[in-house]
Amino acid sequence: MKIAVCDDDPFFLKLVSEELEQYYKSLDMCIEAFSSGTELIRAVEAQPFAYLCIFLDIEMPQISGFQTALQIHKAVSYTHLTLPTILRV
């Protein structure tokens, strides 16, 4: 299974991806990083059941994390997906 991380800022994308890799390493989970909501939506549409969890940045150019989550739920009709949201302070 995979966990997706989506953030437009390369620093935070790498930071969150590396932290999740360390945490889920023992569970043999794969962390997949995306730099835009559009890129993530395409990946989820191509493999709807590949992602166990998706971490989204709220504020991204072109399409926000909220809009990305909405598009994913519209495009893929299943309810097992968890969409935590990454907040930057």
* Asked: Rounded to the nearest 0.5 Å, what separation is found between the OG1 atom of Thr68 and the CD1 atom of Ile58?
  -> 11.5 Å
* Are any of the side-chain heavy atoms of Val5 and Ile31 separated by less than 4.5 Å? -> yes
* Structure fact -> Nearest heavy-atom contact between Leu56 and Gly65 is CD1-O, 3.4 Å
* Asked: Linking I/L/V/M/F/W/Y whenever any side-chain heavy atoms sit under 4.5 Å apart, do Met60 and Phe12 land together?
  -> no
* Which distance, rounded to the nearest 0.5 Å, do you find between the SG of Cys6 and the CG of Asp57? -> 7.5 Å
* State which residues pass side-chain contact (heavy atoms from CB on, under 4.5 Å) with Gln67; sequence neighbours excluded, sorted by chain then number. => Ile63, Ser64
* Evaluate side chain to side chain contact (heavy atoms under 4.5 Å, CB included) for Ile72 paired with Ile54, printing each intermediate quantity in order. => CA-CA 10 Å; Ile72 289 170; Ile54 297 175; 4.0 Å; yes
Side-chain donor-acceptor pairs of residues 34-45 under 3.5 Å, sequence neighbours excluded:
from: Ser35; atom 1: OG; to: Glu39; atom 2: OE1; distance (Å): 3.1
from: Ser36; atom 1: OG; to: Glu39; atom 2: N; distance (Å): 3.1
from: Glu39; atom 1: OE1; to: Ser35; atom 2: N; distance (Å): 3.3

* Structure fact -> In this structure, NZ of Lys14 is separated from CG of Asp9 (nearest 0.5 Å) by 12.5 Å
* Which pairs count as salt bridge (charged side-chain N to carboxylate O under 4.0 Å, His left out) when at least one residue sits in residues 29-38, sequence neighbours excluded? -> Lys2-Glu32
* Structure fact -> Distance col, row Tyr51:OH vs Ile3:CD1, nearest 0.5 angstrom, shows 11.5 Å
